[in-house]
Amino acid sequence: MDVRQLKYFLAVVDYEGFNRAAEQLLIAQPSLSQTIKTLEQEVGVPLFHRVGRRVVLSEAGRELVGPARAVVRDLEVARSAVVAVKGLRSGRLDLTAMPSPGIEPLTSMIAAFSRRYPAVVVNVDAAFTTDDVVASIRSGSSEIGILGSDRPIRPAGVEVMQLERQPLVLIINPEADTFGPGEAIGREDLDGHRVVASQRGSLMRWLVDDIVASGVNVEIAVEVAHRTSILPLVLAGVGHAVMPSSWSPLARQSGLRVARIEPVAELHVAVLSRQAAALTPAAQAFLAVAAEHAASRADLNG
């Protein structure tokens, strides 16, 4: 097994097939197919299943993606240590983000990064738990992870930079807005209301369950795993939604009212990575952008 084979393997994964991968690699498709076949013979298991004209990763192939990316990145890190590079002229940055911090601050950080390094392609994978994000960093499938948790976390073997804290807010169903005109509501004000709830395990769902456990009569109208469904459901009048404040701009742009929930519960947002010396130049540059964001948020919070 060599780096060229791993690069070809990842190209088939990233471009979802041999033809497009061969075009991007500027090689003939039969040559690419033969390289993958040789790699499969060397590892002793198929890495792809051929389904008609499509290819899908086998279980072994899925397990190889993370280590293969780590090997290719480590080679790039080694080269960058030998060859002085003035600026990032190309490359790829792999991130993993949970849904809410994937709205903000990730959007602002990617925008700042892309303005500085427009030639670097940023790929963002989804994760739904903090453990998923940590695992993606440890396995090498991603260089940078963005997560939100109910408290600051310090996983072993992973670098952590605290970015900001996002208070939980209520995105209000306009058909059931019986709250006062202020910018904040008490948890007890939700008595008799229906909510669209996130899946169990999230801070937002914990707050809803905690309010219910305190004796407030809150009805869960819908439980959703895909948070992209939440704002449309609120707009449709299904119920209110408890979300981090990162969702406030989108909610207000959609014409919805947002109120802070008191007592305040906060989502702690952090960026994770391997040690800086093991990162590609693109990942190191992104961490610099993240540090600037963290500093700006600290200034805003006094």
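Because the structure is predicted, anything quoted here is derived from the model rather than measured.
- Enclosure of atom CD in Glu42 by more than 12 non-hydrogen atoms of other residues, nucleotides or ligands within 6.0 angstrom is indicated.
- Annotation for Ala11 and Leu25: closest pair CB-CD1, 3.7 Å, computed over non-hydrogen atoms.
- With hydrogens and angles disregarded, no donor-acceptor distance shorter than 3.5 Å links the side chain of Glu40 to the backbone of Val45.
- Counting heavy atoms of neighbouring residues, nucleotides and ligands inside a 6.0 Å radius, atom CD of Glu16 does not exceed 12 of them.
- No donor-acceptor distance shorter than 3.5 angstrom exists from the side chain of Asp209 to the backbone of Trp206, with no hydrogens or angles considered.
- In this structure, the separation between OG on Ser141 and CG on Asp132 is 10.0 Å, given to the nearest 0.5 Å.
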Report task. List the steps, then state whether side-chain contact (heavy atoms from CB on, under 4.5 Å) holds for Ile261 with Leu207. Result -> CA-CA 10 Å; Ile261 302 172; Leu207 180 59; 4.1 Å; yes
Query raised in the report: Checking side-chain contact (heavy atoms from CB on, under 4.5 Å) for the pair Ile153/Leu147: CA distance, chi angles, key distance, verdict?
Result: CA-CA 10 Å; Ile153 68 167; Leu147 59 74; 3.5 Å; yes
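- You'll find the side chain of Thr107 reaches within 4.5 Å of the side chain of Glu104, heavy atoms only.
- In this structure, Ser31 contributes its side chain and Ile27 its backbone to no donor-acceptor pair below 3.5 Å.
- In terms of heavy atoms, Gly215 sits closest to Asp191 at O-OD1, 4.5 Å.
- Each of Val13 and Val121 belongs to its own hydrophobic cluster when Ile, Leu, Val, Met, Phe, Trp and Tyr are linked at side-chain heavy-atom distances under 4.5 angstrom.
- Under the 4.5 Å side-chain heavy-atom criterion for grouping Ile, Leu, Val, Met, Phe, Trp and Tyr, Tyr15 is not connected to Leu32 through any hydrophobic cluster.
- Here the straight-line distance linking atom CE of Met98 with atom OG of Ser202 works out to 8.0 Å at 0.5 Å rounding.
- At least one side-chain heavy atom of Arg69 sits under 4.5 Å from a side-chain heavy atom of Asp14.
- Put simply, the side chain of Val264 does not reach to within 4.5 Å of the side chain of Leu168, judged on heavy atoms.
- The nearest pair of heavy atoms linking Val133 to Ala127 is CG2-CB, 3.7 Å.
- Looking at every heavy atom in both residues, Met243 comes nearest to Arg227 through CE-CD, 4.2 Å.
- Put simply, CG on Leu106 and CZ on Phe113 are 11.5 Å apart, with the number rounded to the nearest 0.5 Å.
- Judged by the 6.0 Å distance and 45° axis criteria, Arg50 is not positioned over the aromatic ring of Phe48.
- Under the 4.5 Å side-chain heavy-atom criterion for ILVMFWY residues, no single connected hydrophobic cluster contains both Leu256 and Phe179.
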Requested in this report: Apply salt bridge (charged side-chain N to carboxylate O under 4.0 Å, His left out) to Arg257 and Glu175, showing your working.
Outcome: CA-CA 11 Å; Arg257 189 161 79 93; Glu175 297 180 12; over 6 Å; no
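- No continuous path of ILVMFWY side-chain contacts below 4.5 Å connects Val269 to Ile103, so the two sit in separate hydrophobic clusters.
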Query raised in the report: side-chain contact (heavy atoms from CB on, under 4.5 Å) between Lys7 and Arg4: does it pass, once the steps are laid out?
Result: CA-CA 5 Å; Lys7 286 183 175 180; Arg4 180 181 64 89; 5.7 Å; no
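- Residues Ser149 and Leu203 form no side-chain contact, since every pair of their non-hydrogen atoms from C-beta on lies 4.5 Å or further apart.
- The line from OG of Ser245 to CZ of Arg260 is 10.5 Å long, rounded to the nearest 0.5 Å.
- One hydrophobic cluster, built from ILVMFWY side chains closer than 4.5 Å, holds both Leu64 and Phe18.
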Query raised in the report: Could you walk me through whether Asn173 and Val238 pass the side-chain contact (heavy atoms from CB on, under 4.5 Å) check?
Result: CA-CA 7 Å; Asn173 168 16; Val238 175; over 6 Å; no
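- Checking side-chain atoms of Glu143 against main-chain N and O of Arg274 turns up no donor-acceptor pair under 3.5 Å.
- Within the 4.5 Å cutoff, side-chain heavy atoms of Pro155 are placed close to those of Arg138.
- Between Tyr117 and Phe286, the distance from one ring center to the other does not fall under 6.0 angstrom.
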Query raised in the report: Could you walk me through whether Gln166 and Ser100 pass the side-chain hydrogen bond (donor to acceptor under 3.5 Å, both in side chains) check?
Result: CA-CA 10 Å; Gln166 299 178 0; Ser100 293; 5.8 Å; no
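- Here the shortest heavy-atom pairing between Val234 and Ala241 reads CG2-CB, 3.7 Å.
- For Gln5 and Thr38, the side-chain atoms include no donor-acceptor pair closer than 3.5 Å.
- Of all non-hydrogen atoms in Met161 and Leu287, the two that sit nearest each other are CE-O, 3.7 Å.
- A search for salt bridge (charged side-chain N to carboxylate O under 4.0 Å, His left out) contacts involving Asp94 returns Arg73, Arg92, not counting sequence neighbours.
- No hydrogens or angles considered: nothing links the side chains of Glu159 and Ser273 as a donor-acceptor pair under 3.5 Å.
- From Thr35, atom OG1 reaches atom CG of Asp2 across 8.5 Å, with rounding to the nearest 0.5 Å.
- The environment of CD in Glu223 is crowded: more than 12 heavy-atom neighbours from other residues, nucleotides or ligands sit within 6.0 Å.
- Put simply, the side chain of Arg165 never gets that close to the backbone of Glu266: no donor and acceptor are under 3.5 Å apart.
- A side-chain donor-acceptor contact under 3.5 Å links Gln29 and Ser33.
- Here the side chains of Leu95 and Ser142 are not in contact, with every heavy-atom distance at 4.5 Å or above.
- His293 and Glu164 are linked by a side-chain donor-acceptor pair at a separation below 3.5 angstrom, with hydrogens and angles left out of the test.
- The shortest distance between side-chain heavy atoms of Val208 and Ile211 does not fall below 4.5 Å.
- Thr96 places none of its side-chain heavy atoms less than 4.5 Å from the side chain of Ile144.
- Within a 6.0 Å radius of CD in Gln275, no more than 12 heavy atoms belonging to other residues, nucleotides or ligands are found.
- Note that OG of Ser248 and CG of Leu170 are 10.5 Å apart. Values are rounded to the nearest 0.5 Å.
- Considering Thr130, Ile146, Ile137 as possible partners of Leu272, the one that fulfils the side-chain contact (heavy atoms from CB on, under 4.5 Å) test is Ile137.
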